[in-house]
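Since the structure comes first, as structure tokens, the remarks are kept for the end.
Owing to the predicted nature of the structure, the values given are computational and were not obtained by experimental measurement. Keep in mind that the numbers below use all heavy atoms, side chains included, and drop hydrogens, waters and symmetry copies. Every chain is numbered from 1 and lettered A, B, ... according to where its sequence line falls, protein lines coming before strand lines.
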Amino acid sequence: MRQRAATLGTGASTHISTFHSLCVRILHQYAAKAGINPNFSIYNESDQVKCAIQAVKDCELDTANFSPRRCLAAISTLKNKLIDVDTFKADADDFFSKTLAGIYARYQHILSEQNALDFDDLLMKAAVLLRNCPDVCCELGNRFKFLLIDEYQDTNRAQYEIAKAIVSAHNNICVTGDPDQSIYRWRGADIRNILAFEEDWPDATVVKLEENFRSTANILETADELISFNQNRKEKKLVPTKPCGKDVIVEVYEDELEEARAVGRQVRELTGKGVSLNDIAVFYRVNSMSRVLEEAFIQDKIPYQIVRGTEFYNRKEIRDLLAYLKILVNPDNEIALLRIINTPARGIGKTTIDRVRSYAALHNITFFDGLKNVERIESLSKAPKGKIASFVNMIEGFKKDIAGKVAPLAERVFNESGLAEFLKQDQNALENANELINAAAQYDEQAEQPSLLDYLQQISLFSDVDAYDASSGRLALMTLHAAKGLEFENVFIIGAEDGLLPHERSNTDEGGDELEEERRLFFVGITRTKVGLHISYARYRTIRGQMLRTIPSRFLYELGTDFAKSTPVIAAQVGIHCSALASVDRDSGTVPYFIAGQLVRHEKFGLGRVKEFNDVGERSSVVVTFNTGQTRTLMVKYANLSKV
DNA sequence: CATAGCCGCCTTTTT
DNA sequence: GGCGGCTATG
């Protein structure tokens, strides 16, 4: 999760961290108490899938009936709720639950054999550790005197318990969040955490941040209108402090290509007027929509940056090089080991590997130990034995350099493993590998005490979202999810079509909860905008290689979009009138006119809200509750109040 | 054992 | 439309 837990330690040093990296630190420090090996690897999604496939097969089930991904999703949900294998097993009463319990158990067994934790384990193991060890809670509470959690609406059960445990000694906790911006329910975020905060910490002061200092009044009204369609929510109104600005524009295009080009054209128009590319962003529902934008922007020579999960670290050559480094720290990381044992090709094929594996299984040792004992494996002939021995030798040789800086080791591994030679005709791959080594060098510079283990654990949690550079001078492209917490002067939200936004996969539940989450997602996108908001859809869109006729998003209807004006290329305006603007018209009399609820600014008293307005012409008075807490009755004529 | 080519699978969002 | 894994072939 991206919400960060910032903690103010003693001596005014502030630690800013995500929950996940905090957990890694805790688990590393208290590994013995958590019952884990501190050199653990962190398995990402593709590693998880491999383990899940193995788990399903080990349970003698068909992966067609028990889709590893589905099983993983179910296991993830359980872990986020802190339900461990034994608890789940005990409660499993139907066939499916019992089977899943078996897969869950096997999956955990495989992970622990490989000394690996998945993302959910990081949270769960830390939460369980804190639950079982009051002394650890106490130490952490002493170290972190104050805990501040941003985006609290997106915390899950495990994170809630971790937070609660850390502050148990002092109760110094501050959280911020907005239930209307909860967009991670699908990965276990529990909205009850924020709704029940006042019950969990009864002494807490609640500060309602109702005024919005970011967006123009009409953007907020658009957002308000949309979110009001959610049934399952606490009524709340966004209060603008800025006046109405540019109209919210809904545009329709023939297809995604035209849409992309039009966005490019409008971006150019903006930059032509002196707007910086730093102040413009394009949001979309799914990552695959970035491709056509990229092509258009390259053609238009518009510099852009894609803010996406883990693009760089997903490249083959990077994963290969990292796999070498991973097994130096954790030789039990079988996934990494299998990845590189024959990459580049060194004559260790499938048959050889299978023989070592069955030897290892028979003698109850790890795969790597099997490799080390290759001489004793009778099923292998001389040639493969020699090849394995020299591979093991090479790895053991690298291990001698494991202490200290990462970059020199990475470079050595890259060259001596044969990867460099293997990739020499692929310029791109070479550059990427060099970039990784450079990044490692940067890590070496920054880290207090660089270590390969720490480096690997850090980059496992790294996502390009964290690396978003707000002053890069490049147009930002990102998913609506990635947009959370950011803001831009100008925003383009593309692909407002049924099936995309809301996404078709959100159409499965009975209660419409998933649809409401999609609506919140759109709401998040809209409220990132300070001034210029463009929403667009295309009449045809290519999906999985198929050009399909689209249906405008139902959310556009909810916004009151005037589709009659939505002719291709020509913009249609969202049919929302601006009430703040309307009230200005009534000011034509002798003194300004106010309505209750209006936000005003006073030269001396600052910002306040109109409580009452006595409309008696020249001598009209207004009762204002100021943000200082004072309530004052003022003569409108003399008060010189300005509406905000 | 290596390589190429084919088939089938998935395909939302992310730490 | 992309990737991984499987198979057939050298």
Which pairs, protein N/O on one side and nucleotides 2-7 of chain C N/O on the other, fall under 3.5 Å?
none

All side-chain contact (heavy atoms from CB on, under 4.5 Å) counterparts of Asp178(A), not counting sequence neighbours: Asp180(A), Gln181(A), Lys236(A), Phe523(A)
Partner residues of Pro344(A) under the side-chain contact (heavy atoms from CB on, under 4.5 Å) criterion, sequence neighbours left out: Tyr324(A), Arg346(A), Leu419(A), Phe422(A)
Sugar-phosphate, base or nothing in reach of Thr352(A), heavy atoms under 4.0 Å: sugar-phosphate
Mutual orientation of the aromatic rings belonging to Phe144(A) and His15(A) [parallel < 30°, tilted 30-60°, perpendicular > 60°]: perpendicular
Spacing of Glu256(A) atom CD relative to dG1(C) atom C1', expressed in whole Å: 13 Å
By salt bridge (charged side-chain N to carboxylate O under 4.0 Å, His left out) - contacts of Arg520(A) (at least two apart): Glu517(A)
Integer-rounded Å distance: dT15(B) P and Leu117(A) CG: 18 Å
Asn342(A) vs Ser21(A), nearer the 5' end of DNA chain B by closest nucleotide: Asn342(A)
Which atom of Ile340(A) lies closest to which atom of Ala323(A), heavy atoms considered: CG2-CB, 3.7 Å
Polar side chain donor-acceptor pair, Asp84(A) to Tyr104(A), under 3.5 angstrom: no
Sugar-phosphate, base or nothing in reach of Asp120(A), heavy atoms under 4.0 Å: nothing
Whole-Å distance separating the CG atom of Leu122(A) from the C1' atom of dT14(B): 14 Å
Lys387(A) NZ to dA2(B) P, straight-line distance once rounded to whole Å: 7 Å
Arg474(A) to Tyr304(A) six-membered ring, cation-pi geometry met (6.0 Å, 45°): no
Polar-atom pairs under 3.5 Å, protein N or O versus N or O of nucleotides 5-12 of chain B: list them with distances, or write none.
{"unit_1": "dT12(B)", "atom_1": "OP2", "unit_2": "Arg505(A)", "atom_2": "NH1", "d": "3.0"}
{"unit_1": "dT12(B)", "atom_1": "O4'", "unit_2": "His503(A)", "atom_2": "NE2", "d": "3.2"}
{"unit_1": "dT12(B)", "atom_1": "O2", "unit_2": "Arg285(A)", "atom_2": "NH1", "d": "2.9"}
{"unit_1": "dT12(B)", "atom_1": "O2", "unit_2": "Arg285(A)", "atom_2": "NH2", "d": "2.1"}

Protein-nucleotide distance (Met478(A), atom CE; dT15(B), atom P), rounded to Å: 13 Å
Rounded distance in Å - CG (Leu380(A)) to P (dC1(B)): 9 Å
Separation of atom OH in Tyr184(A) from atom P in dT13(B), rounded to whole Å: 11 Å
Inter- and intrachain pairs under salt bridge (charged side-chain N to carboxylate O under 4.0 Å, His left out), touching residues 37-51 of chain A, at least two apart: Glu45(A)-Arg69(A)
Aromatic contact, Phe197(A) with Tyr152(A) (centres under 6.0 Å): yes
Most 5' of Gly349(A) and Thr479(A) on DNA chain B, judged by nearest nucleotide: Gly349(A)
dT15(B) OP1/OP2 closer than 4.0 Å to side-chain N/O of Asn156(A): no
Nucleotide dT14(B), atom C1' - distance to CZ of Phe119(A) in whole Å: 9 Å
